[in-house]
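Below you'll find the structure, written out as structure tokens, and then a few comments.
Because only heavy atoms are used, hydrogens play no part in the values below, and waters and symmetry mates are left out as well, while side chains stay in.
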Amino acid sequence: FNFDVSLTPHGGDLELMNHLSIELALPRPYPVTEMSMITHAARLISGQNGAIMEILPEFEYFRDIVYHFKHAVSGATAAPDNVEDGYVWLPTDATLKWTVKPISENDKTLQYHVTAFRGHLQEFVDPSAVG
């Protein structure tokens, strides 16, 4: 998973979802185009299409562990800044909630929209903006 590079599935993500779809006998897009494969992969990885999560529940844990790690080393803030003093975070607050959304009205390519900690968007620090 290259979440730190792009929140749109690409490269290895597309290959992984294609191979898992074949191995697990999941429906695949037809005709196969780059856009259809991106949409297919985004829905599978995010869990919007729950087929992989149903067959391989550990996939969800692996995805979230990778995301949390890459997010932690990116330098981005996981929790919102405007939290009242003394607020007690619970383990459930750290649970990632995944959806997919189009990049824009003009670009319908799906990208992950990941939130946690009271709905705080889990964004990565843009590497080109650092240093």
- Message: Would you say CD of Glu84 has more than 12 non-hydrogen atoms from neighbouring residues, nucleotides or ligands within 6.0 angstrom?
- Response: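 Above 12, so yes.
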- Does CD belonging to Glu58 count more than 12 external heavy atoms closer than 6.0 Å?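 For Glu58, atom CD is crowded (more than 12 foreign heavy atoms under 6.0 Å).
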Transitively linked via ILVMFWY side-chain contacts under 4.5 Å: [X] with [Y]?
{"X": "Val66", "Y": "Tyr61", "result": "no"}
{"X": "Trp98", "Y": "Phe62", "result": "yes"}
{"X": "Val83", "Y": "Phe117", "result": "yes"}
{"X": "Leu121", "Y": "Val100", "result": "no"}
{"X": "Leu16", "Y": "Leu14", "result": "no"}

- Item | Sequence neighbours excluded - salt bridge (Lys or Arg N to Asp or Glu O under 4.0 Å) pairs with any residue from residues 11-24 |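 Listed once each, the pairs would be none.
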Are the side chains of [X] and [Y] in touch, meaning some heavy atoms are under 4.5 Å apart?
{"X": "Ser21", "Y": "His40", "result": "yes"}
{"X": "Leu44", "Y": "Phe59", "result": "no"}
{"X": "Asn2", "Y": "Lys70", "result": "yes"}
{"X": "Leu26", "Y": "Ile52", "result": "yes"}
{"X": "Tyr67", "Y": "Phe1", "result": "no"}

- Message: Using the salt bridge (Lys or Arg N to Asp or Glu O under 4.0 Å) criterion, which residues pair with Arg63? Sequence neighbours excluded.
- Response: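 Listed in chain order: Glu60.
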- Message: The criterion is salt bridge (Lys or Arg N to Asp or Glu O under 4.0 Å); which residues satisfy it with Arg28, sequence neighbours excluded?
- Response: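 Listed in chain order: nothing, the list is empty.
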- Message: Checking Ile55 against Leu20 for the side chain to side chain contact (heavy atoms under 4.5 Å, CB included) test, could you report, in this order, the C-alpha distance in whole Å, the side-chain angles of both residues, the deciding distance, and whether it holds?
- Response: CA-CA 11 Å; Ile55 297 168; Leu20 283 175; over 6 Å; no
- Task: Please assess His71 against Val114 for the test side chain to side chain contact (heavy atoms under 4.5 Å, CB included), listing each intermediate value before the final yes or no.
- Result: CA-CA 11 Å; His71 187 270; Val114 184; over 6 Å; no
Mind checking the [atom1]-[atom2] spacing from [X] to [Y]? Nearest 0.5 Å is all I need.
{"X": "Gln48", "Y": "Lys101", "atom1": "CD", "atom2": "NZ", "value": "11.5 Å"}
{"X": "Thr77", "Y": "His120", "atom1": "OG1", "atom2": "NE2", "value": "6.0 Å"}
{"X": "Arg43", "Y": "Leu110", "atom1": "CZ", "atom2": "CG", "value": "5.5 Å"}
{"X": "His68", "Y": "Thr95", "atom1": "NE2", "atom2": "OG1", "value": "7.0 Å"}
{"X": "Met53", "Y": "Ser46", "atom1": "CE", "atom2": "OG", "value": "7.0 Å"}

Excluding sequence neighbours, so at least two apart, what forms side chain to side chain contact (heavy atoms under 4.5 Å, CB included) with [X]?
{"X": "Tyr30", "answer": "none"}
{"X": "Val73", "answer": "Phe69"}
{"X": "Asp107", "answer": "Ile103, Ser104, Thr109"}

Distance-minimising heavy-atom pair for [X] and [Y]:
{"X": "Gln122", "Y": "Ala78", "value": "NE2-O, 2.7 Å"}
{"X": "Ala41", "Y": "Pro9", "value": "CB-CB, 3.8 Å"}
{"X": "Pro29", "Y": "Val32", "value": "O-CG2, 3.2 Å"}

- Could you check whether the rings of Tyr112 and Phe3 sit parallel, tilted or perpendicular, using 30° and 60° as the cut-offs?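 Rings of Tyr112 and Phe3: perpendicular, as their planes differ by over 60°.
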